[in-house]
Structures are given as C-alpha cells and as structure tokens.
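Remember, it's 1-based here, ligands and their atoms both numbered in the order they're listed. Keep in mind that the numbers below use all heavy atoms, side chains included, and drop hydrogens, waters and symmetry copies.
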Amino acid sequence: MSDKKYMSLALDLVKGTLGQTSPNPAVGAVVVKNGRIVGMGAHLKAGDAHAEVHALNMAGSEAEGATIYVTLEPCSHYGKTPPCAELIIQKKLARVVIATTDPNPFVSGQGIKKLEDAGLEVKVGVLQEESDHYNRAFFHFIKTKTPFVTMKMAVSLDGKMATNTGESKWITSEASRHDSHRLRHSHDAILIGAGTVVADDPALTTRLETPGKHPIRVVLDHHLRTPNEAKLINDKAAETWIVTTGEQRGSEKAKRFDALGVKVLYLDSHRIDISDVLKLLGEYGIVTLLVEGGPTIQDSFLRSKNIQQIVAYIAPLIIGGEKALSAFGGLGMNSLADALALDIDKVAEIGKDIKIIAHARSD
Ligand SMILES: Nc1c(/N=C/[C@H](O)[C@H](O)[C@H](O)COP(=O)(O)O)[nH]c(=O)[nH]c1=O
C-alpha cells in the first residue's frame with residue numbers, strides 16, 4: 001500500500017475522535033512493518049497518551065525498523081506526556097511519515113529535526129490538506145487563542161427561521177435536527193442570546209440515540225434576564241455559563257445565578273462585544289464554539305466578522321412575510337463587499353432538506 005493509503009487510515013482515526021480531544025488536536029497514528037499494519041492509535045482525551053504511544057504500544061517489538069504514519073508532527077516537548085519524537089527514536093523506527101507540521105510556532109519543526117538528527121528518514125506533507133481541514137479549529141485556536149466559531153442556521157428556502165407569528169417548530173426535518181445534535185456533540189460550547197432563552201427555553205443538550213457529549217451552554221445576557229426557571233439553569237444536564245458586563249458584578253441577579261451553580265463571566269466593558277466574548281471564552285479553553293442564534297446574536301457575529309464556518313440546514317419551504325424572522329437580524333452589512341464571503345465545502349441532501357457546510361473565505 002502507498003503512503004497515502006496508510007495516512008488515510010490514520011486520518012480515519014482523526015475523523016472518529018474529532019471534538020473529544022479538545023483543547024488538543026485530534027491525531028491518528030499507524031505503524032507498518034514489511035507491508036503489514038502492526039499498530040494503530042488515536043489521541044483520545046487531552047492529558048491522555050498521544051496517538052503515537054498507543055500505536056507503538058500495540059506494535060511492541062515490531063516497531064523496530066518500521067514506518068510510523070502520524071497526522072501531526074510528533075511532539076518534542078514535555079507536556080503532560082513525554083515527547084513522542086523521543087519515543088519513536090527509542091523504539092528504533094526507520095521511517096516517519098507526517099501529514100502536517102505542528103501549528104504551534106514554538107515547537108513547529110522541532111520534532112522533525114530531532115528525528116532527522118537521530119538518522120530517521122522523515123517525509124512531511126502526505127495528505128496535509130485533509131489533515132489541516134480536520135484540525136482547522138485547533139489551528140485557528142493556536143493562532144488566535146479564540147474559539148473557532150461555527151454558526152448553525154436552520155431556515156426555509158427564503159431564509160426565514162420563523163413565521164411572522166413566531167412559529168418555528170419545525171422548519172427543518174427530523175434528520176436535520178438530529179444532525180445538528182451531532183454538531184453539538186463535537187463542540188466544546190454552544191452559544192445563544194438571552195432572547196432565545198426567553199423565546200425558546202432551549203435545553204441545548206446533545207440528544208442522540210448513543211449518548212453524546214453535551215457542550216457547555218453559554219448565554220450572552222447583558223441585563224441578566226435569563227429566567228431562573230429556564231431549562232438550562234435548572235436541568236443540571238450540562239454546564240451553563242452566563243456572560244455579562246462588568247456592571248452586573250455583585251448584583252442581586254448575579255448572586256442568584258451563583259446560588260444556582262451557574263458560572264457568571266464578566267466582561268470588562270459595559271457592552272457585549274463579540275470579540276471580547278471570544279477572547280474570554282478562549283481564556284477558559286473553549287476551542288470550538290457553536291453559535292445557534294437568535295437573529296440578533298447571529299448579526300453581531302456577522303458584523304464583528306467572527307464567523308469561521310457556517311452549517312446551514314435549508315428546508316424546501318417558502319414562508320415569506322417581511323415580519324417573519326430571518327436567520328440574521330439587526331443591521332446586517334451595508335455593502336456586498338462587506339458581506340461574509342464563503343467557500344462551500346460540502347452540499348448534501350439530509351431528510352428533505354439541503355445541508356451546506358461552508359467556511360469564511362480567508363483574504
Ligand atoms: N426551528 C428549528 C430549530 N430551532 C432551534 C432553536 O433555535 C433552538 O436551538 C432549539 O429550540 C434548541 O432547543 P433544544 O436544545 O432542542 O431544547 N432548529 C432546527 O434545526 N430546525 C428548526 O426547524
């Protein structure tokens with residue numbers, strides 16, 4: 001088999017573990033000796049063993065003289081686990097094939113150098129684009145220290161998220177709504193505005209037939225109007241954070257949330273600036289953030305240019321009505337030149353709907 005084939009297998013392990021390794025990247029490794037796979041492994045949880053360790057443990061003595069395929073440059077620094085580059089040298093592998101170098105500027109290339117200095121053959125860049133695509137959120141976080149923002153939209157063909165009477169359940173199909181729960185599973189946090197809490201009283205939990213991971217529920221709430229009896233305050237099903245402004249510090253309402261076990265995060269400013277919110281969530285280690293609106297929140301992310309990815313579920317429905325809520329409210333962009341330009345990654349039919357995944361075009 002070719003290098004690409006074995007790297008593709010390592011990337012399958014990445015696909016399978018996406019989201020559960022946060023704030024670390026998802027990594028896969030495959031060890032091959034004389035054309036036979038003798039070990040494979042994936043990083044499963046931040047703080048646990050790296051993919052190479054699992055694969056080399058499985059390979060045992062077969063590792064000597066073998067080739068290891070790994071989707072990310074083996075680490076060379078002592079983090080929570082000893083450096084994998086050292087381990088690969090100790091186990092006397094002959095060859096190392098890497099998809100992509102570490103995005104962290106402080107360590108990028110050091111692992112490769114260690115391996116080459118020890119006399120191993122190293123090949124870099126096999127299926128690099130695919131590997132970078134899977135870990136785009138991690139790479140964004142390393143670069144910006146703010147979460148990679150995916151915005152979910154569930155709209156009719158004419159872009160409405162509710163009728164003019166506010167009816168919205170359901171616009172998209174059961175299959176789409178199920179799929180959007182898988183999105184929640186793979187995100188560290190999900191963000192909505194207080195308006196959606198009041199209007200929808202959503203649980204924002206991941207409800208799949210096989211139990212999924214619940215994202216941390218983040219509510220942007222300038223005036224702390226999230227009701228006590230809201231599901232996401234009372235259901236204790238998942239963590240809930242409320243982000244508000246500095247002037248709320250010590251207020252009766254804030255004390256109420258403390259008493260209910262809800263984490264209240266305070267912005268320094270007296271207004272809710274999305275870039276400040278993202279910086280704060282980044283400080284708390286949120287690498288992937290799913291924004292589920294409502295229209296005001298969607299607009300604030302749009303105008304502050306803080307959207308990296310869109311996942312849109314579009315139903316074959318025309319709702320019409322100038323008063324019917326569109327997915328984006330607020331002021332929007334004045335000129336087409338300022339509109340969020342996207343590159344479409346995938347279009348698929350889902351139930352009776354269309355699902356579009358697109359990423360913000362980098363300038
Ligand atoms: N109205 C539609 C949606 N509406 C989604 C709402 O904005 C909100 O995210 C849900 O009410 C979440 O509530 P909970 O977590 O399920 O309790 N989402 C969809 O995918 N399709 C639709 O038709």
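- The residue from Arg177, Arg217, Arg184 that alone fulfils the salt bridge (Lys or Arg N to Asp or Glu O under 4.0 Å) condition with Glu292 is Arg184.
- When all heavy atoms of Asn24 and Gly47 are compared, the closest pair comes out as ND2-N, 3.9 Å.
- Protein residues lining ligand 1, listed by chain and number: Lys152, Ala154, Ser168, Lys169, Trp170, Ile171, Thr172, Arg177, Arg184, Asp200, Pro202, Ala203, Leu204, Arg207, Glu292 [non-hydrogen atoms, distance under 4.0 Å].
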Could you tabulate the donor-acceptor pairs under 3.5 Å formed by side-chain atoms of residues 188-195, not counting sequence neighbours?
{"unit_1": "Asp188", "atom_1": "OD1", "unit_2": "Ser22", "atom_2": "OG", "d": "3.0"}
{"unit_1": "Asp188", "atom_1": "OD2", "unit_2": "Ser22", "atom_2": "OG", "d": "2.6"}
{"unit_1": "Asp188", "atom_1": "OD2", "unit_2": "Val287", "atom_2": "N", "d": "2.8"}
{"unit_1": "Asp188", "atom_1": "OD2", "unit_2": "Thr288", "atom_2": "N", "d": "3.1"}
{"unit_1": "Asp188", "atom_1": "OD2", "unit_2": "Thr288", "atom_2": "OG1", "d": "3.4"}

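- Applying the ring pair (Phe, Tyr, Trp, His ring centres under 6.0 Å) criterion to Tyr266, with sequence neighbours excluded, gives no partner residue.
- A tilted orientation is assigned to the rings of Tyr69 and Tyr6, their planes being inclined by 30° to 60°.
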For residues 253-260, which side-chain donor-acceptor pairs fall under 3.5 Å, sequence neighbours excluded?
{"unit_1": "Lys253", "atom_1": "NZ", "unit_2": "His223", "atom_2": "O", "d": "2.9"}
{"unit_1": "Lys255", "atom_1": "NZ", "unit_2": "Glu252", "atom_2": "OE2", "d": "3.2"}
{"unit_1": "Arg256", "atom_1": "NH1", "unit_2": "Thr226", "atom_2": "O", "d": "3.3"}
{"unit_1": "Arg256", "atom_1": "NH1", "unit_2": "Asn228", "atom_2": "OD1", "d": "2.5"}
{"unit_1": "Arg256", "atom_1": "NH2", "unit_2": "Leu224", "atom_2": "O", "d": "3.3"}

